[in-house]
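Below you'll find the structure, written out as structure tokens, and then a few comments.
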Amino acid sequence: MSKETKWVICSTCDINCGLLVTVEDGKVKSIKKNPDHPLTPNSICIKGANANKYITHPDRLTHALKRVGERGSGQWEQISTKQALDEIADKMKKLIAEDGPETIGSTYGWSSNAGAASRRFMNLLGSPNWTWTGYVCLANSTVPSKATYGFWQFPDFHNTKCIVLLGHAPGPQRWTAEYLWIKDALDRGAKLIVTDPRRNSYSDQADIFLQVKPATDSAYLLAWINVIIYEDLYDKEFVKKWTVGFEQLTERVKDYTPEWASEITGAPADKIRESARMYATTGPAVIPWGAVPDHHANSTQTLRALTILRSITGNLDVPGGELLMGYHPEISSDDEFELNERLSPEQRKKQLGVDRFKLLSWETLEKTGPAMEKVWGKKYSNQVSGGAMAHPASMWEAMKTGKPYRMRALISQCNNTLNSYPNTTHVYEGLMNLDLLVVMDLIKSPTAQLADYILPATHWLERPNLFNYWDWIPVYQGGEQAVEAPGECLHDWMLWRELGVRLGQEKDWPWESMEEAYDERLKPAGLTWEKLSTQVRASAPEITFKKYEQTGFGTPSGKVELYSSIFEELGYDPMPSWVEPPESHARKPELAKTHPLTFFTGMRENYWFHSFGLGRSTKELRSREPDPRMQIHPDTAYELDLSDGDWAWVESTSGKRIKLRSWLSNDTAPDVVRVPHGWWYPETTGSEEPGAALSSLWKSADAVILHDSDEYCDKEQGNFQLRGLACKVYKVEDGTEGTSYIA
Ligand SMILES: Nc1nc2c(c(=O)[nH]1)N[C@H]1C(S)=C(S)[C@@H](COP(=O)(O)OP(=O)(O)OC[C@H]3O[C@@H](n4cnc5c(=O)[nH]c(N)nc54)[C@H](O)[C@@H]3O)O[C@H]1N2
Ligand SMILES: Nc1nc2c(c(=O)[nH]1)N[C@H]1C(S)=C(S)[C@@H](COP(=O)(O)OP(=O)(O)OC[C@H]3O[C@@H](n4cnc5c(=O)[nH]c(N)nc54)[C@H](O)[C@@H]3O)O[C@H]1N2
Ligand code: SF4
Ligand SMILES: [Mo]
């Protein structure tokens with residue numbers, strides 16, 4: 001009997017904890033936290049610990065499937081992965097010959113670290129229509145930071161004295177590593193400011209808790225800037241020496257007083273003022289990234305307000321503040337690997353959505369390029385893959401209508417497209433009209449159920465891993481492969497190589513295995529992947545601070561651009577401002593009569609990552625959260641005749657509705673409800689909605705009731721309003737239905 005312990009990287013979620021996996025006779029015996037891990041010691045959650053159940057689950061895909069019946073009818077023929085790749089490549093060639101490479105799109109998610117490979121493939125193919133769910137999470141956030149101070153910041157939790165959690169609530173089962181960093185800082189006595197529409201897992205221990213209406217974050221952030229400037233709490237020396245646009249900023253925030261913000265957010269003015277003072281005077285302070293500001297139609301300017309706060313309080317690149325760390329010198333970066341320079345200027349212009357939303361475009365990437373090159377040595381700095389990305393809703397529209405041109409193929413990898421972007425109907429209509437839909441997943445997700453070809457992916461327990469935090473911080477680590485993948489699974493990264501080789505890119509994909517490709521990337525370190533993953537494990541150079549004193553900031557002026565020259569050149573407001581959310585009751589008072597409540601989507605569930613189907617079909621996890629639950633205040637529920645556990649409809653202004661189980665809780669405000677994200681029912685194949693099987697996707701997926709038209713998109717980036725939308729809630733009258741989950 002052979003028994004080994006391996007150092008493995010979990011990528012069920014995007015925090016990528018290093019874990020210890022015991023393997024006996026080629027099978028996983030245990031998955032445990034790793035106390036000796038240099039980056040994420042003792043960090044594990046229930047999702048990572050249960051991963052062996054996913055790979056051995058009967059729902060797990062092990063072979064390629066080809067559609068034989070109508071699209072979505074659930075009839076498949078098993079074929080070899082090689083045959084699937086050959087056929088897919090042949091179909092792509094034909095479509096490209098007819099409509100050009102831009103007719104091929106791709107979308108990608110967070111659990112597999114193959115984004116740079118997919119972008120390389122798309123760049124070489126000549127298609128600008130690469131996108132991913134980073135469009136609505138984190139990747140988009142990097143661009144306003146680059147425009148303001150030339151890099152994407154990382155909070156120095158270890159030395160900070162004040163943490164602001166802006167609708168961000170990591171927990172023991174949700175981004176465990178960050179939860180532990182925050183916990184350590186709080187145990188050391190760091191101050192805590194929390195903002196949230198509901199009491200969350202941090203608000204009771206916070207020094208200040210601002211209970212705010214959803215999607216009003218930029219209002220109190222602007223008021224913070226106002227207080228910090230007008231009460232003279234800013235870092236004068238830094239502002240004078242290292243920023244441009246302070247005068248314009250002072251003028252811009254003049255009327256954004258705490259009293260003004262209080263009207264909008266519902267939080268008391270004195271608490272807004274007090275929290276601004278605490279943030280500015282209890283330095284060094286951090287505002288860790290969280291998804292909330294990425295999910296507003298005023299996302300860009302909310303993010304800009306955050307960058308400005310970090311800057312004028314003197315928190316940039318200081319111990320305990322917001323580190324701008326640069327690239328690791330010993331590993332070739334993701335953006336180099338992507339070969340961004342190879343996509344031609346004519347093709348770049350065809351990126352879908354760029355006619356309206358320019359911030360995530362090649363034009364912006366070109367504008368940020370020279371300064372990024374000067375300071376960080378990389379022209380196309382796509383930190384966290386956050387450079388040019390096609391606008392997802394514009395992709396569905398091109399598929400559906402052929403406008404502005406036909407999009408005829410989509411490769412969806414590690415992304416349950418129907419669940420993860422808003423307005424499922426729009427996505428569905430687009431996908432149904434494709435000539436070629438390829439989905440690569442671990443399970444037949446609703447999106448996979450619509451595919452022409454489903455490709456079976458290896459799981460992280462079954463693949464070697466090299467993880468470099470998407471060039472966010474100069475750290476890399478190697479993760480060993482624990483066990484062999486079943487059947488004919490393919491490594492996500494290899495999909496792009498295999499297609500590349502078949503489509504004339506063979507010179508650019510010389511590596512026949514993942515290990516060879518990793519060796520190539522590690523050449524500057526003089527390391528092989530083998531040595532990294534079994535001996536060295538991880539590498540992080542010592543942190544140095546205030547590097548800008550030597551190099552300047554990576555912006556056109558070399559300073560922190562409070563007034564952004566890049567925004568100005570793109571025709572956007574160079575200063576942040578308040579924009580009323582598209583459906584606030586203040587903006588549209590008539591909505592208060594028809595749709596009196598406000599909902600937000602999200603509030604992560606402990607037991608799975610977003611729409612992860614193998615989690616929802618694993619008994620040990622699903623029995624803890626059998627149904628999607630709508631959190632609602634008991635007084636509101638009483639008015640609506642809803643008791644705890646009753647099924648209720650949540651209907652948005654789109655006229656669409658979904659069914660959720662009532663979860664009565666005093667934590668939330670009486671006019672706010674929480675709608676969980678990413679639900680479908682892997683245990684079912686049918687649906688109550690006629691004409692759409694898709695494992696009852698339409699029953700409870702939040703994306704069904706969300707909008708994606710331009711009115712609901714951020715002006716600069718085009719990302720979507722996923723929070724702060726109007727709805728009505730009413731009881732499901734025949735609501736005797738139990739859970740569809742059979743334990
Ligand atoms: N178990 C588990 N862990 C996860 C994930 C998962 O799917 N499962 N996903 C991971 C990923 S990709 C991400 S991005 C993170 C996200 O994690 P977070 O950034 O923590 O985001 P959420 O959990 O959606 O919401 C956190 C809080 O925001 C509040 N909130 C809602 N709307 C607003 C608003 O408009 N303003 C403010 N201020 N607060 C608001 C909610 O009430 C909730 O308490 O979690 C990560 N961790
Ligand atoms: N309404 C609304 N929409 C949101 C959010 C929200 O709060 N509300 N949150 C947004 C956020 S923060 C994020 S991060 C995104 C998440 O978006 P994604 O990361 O794209 O997550 P999912 O759409 O759940 O799809 C992940 C799919 O990948 C599969 N998978 C898991 N591991 C692997 C693997 O190793 N290889 C392959 N090929 N497949 C794998 C899973 O089975 C699943 O079907 O969603 C965003 N969308
Ligand atoms: S927090 Fe959990 S799911 Fe995320 S990487 Fe760590 S162990 Fe895996
Ligand atoms: Mo996310």
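Numbering of ligands and ligand atoms starts at 1, following listing order.
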Checklist outcome for this item: Per-atom filter on ligand 1: closer than 4.0 angstrom to a heavy atom of G602 are 24 (O)

Looking just at side-chain N and O atoms, do [X] and [Y] make a donor-acceptor pair shorter than 3.5 Å?
| X | Y | answer |
| --- | --- | --- |
| W152 | S141 | no |
| S412 | T447 | no |
| S118 | W130 | yes |
| S611 | N419 | no |
| Q153 | S145 | yes |
| D14 | W175 | yes |
| Q717 | Y135 | no |
| S43 | H37 | no |
| W679 | E625 | no |

Looking only at distances, can you tell me whether any N or O atom of [X], backbone or side chain, sits closer than 3.5 Å to an N or O atom of ligand 2?
| X | value |
| --- | --- |
| N419 | no |
| S420 | yes |
| D441 | yes |
| T601 | yes |

Can you pull out the closest protein heavy atom to [atom]? Residue, atom name and distance to 0.1 Å, please.
| atom | value |
| --- | --- |
| atom 7 (O) of ligand 1 | H610 N, 2.9 Å |
| atom 23 (O) of ligand 1 | R604 N, 2.8 Å |
| atom 1 (S) of ligand 3 | T176 OG1, 3.4 Å |
| atom 22 (P) of ligand 2 | S611 OG, 3.5 Å |
| atom 35 (O) of ligand 2 | R463 NH1, 2.9 Å |
| atom 7 (S) of ligand 3 | C45 N, 3.5 Å |
| atom 40 (C) of ligand 2 | C414 SG, 3.5 Å |
| atom 4 (Fe) of ligand 3 | C13 SG, 2.4 Å |

Is [X] touching ligand 2 with its side chain, its backbone, both, or neither, if touching means heavy atoms under 4.0 Å apart?
| X | result |
| --- | --- |
| D14 | neither |
| C137 | side chain |
| R616 | neither |
| D492 | side chain |
| A457 | side chain |
| N416 | both |

Checklist entry - Which one holds for R174 and ligand 1: side chain close, backbone close, both close, or neither close, with close meaning a heavy atom under 4.0 Å? => result both

Next on the checklist: Tell me the contacting part of W608 for ligand 1: side chain, backbone, both, or neither, using a 4.0 Å heavy-atom threshold, strictly below.
Outcome noted: backbone

Closest candidate by heavy atom, reference [atom], pool [options]:
| atom | options | result |
| --- | --- | --- |
| atom 39 (N) of ligand 1 | G109, A291, G167 | G167 |
| atom 19 (O) of ligand 1 | H295, K47, H168 | H168 |
| atom 1 (N) of ligand 1 | E178, E605, M603 | E605 |
| atom 15 (C) of ligand 2 | T133, L490, D294 | T133 |

Strictly under 4.0 Å, does any heavy atom of [X] approach an atom of ligand 1?
| X | result |
| --- | --- |
| R674 | no |
| F609 | yes |
| H677 | no |
| Y179 | no |

Checklist entry - Quick one: is the NZ or CZ of K47 closer than 6.0 Å to the six-membered ring centre of F609, and within 45° of its axis? => result no

Checklist entry - Does some side-chain heavy atom of D294 sit less than 4.5 Å from a side-chain heavy atom of W289? => result yes

Item to check | atom 4 (Fe) of ligand 3 to nearest N/O/S of C10 below 2.8 Å | outcome: no

Checklist outcome for this item: From the list W496, W493, Y108, ring-ring contact (aromatic ring centres under 6.0 Å, His included) with F121 holds only for W496

Item to check | Aromatic ring pairing W132/W110, orientation class (parallel under 30°, perpendicular over 60°, tilted between) | outcome: tilted

Next on the checklist: Under 2.8 Å from atom 2 (Fe) of ligand 3 - does any N, O or S atom of C17 fall there?
Outcome noted: no

Item to check | salt bridge (charged side-chain N to carboxylate O under 4.0 Å, His left out) against K183, all qualifying residues, sequence neighbours excluded | outcome: D187

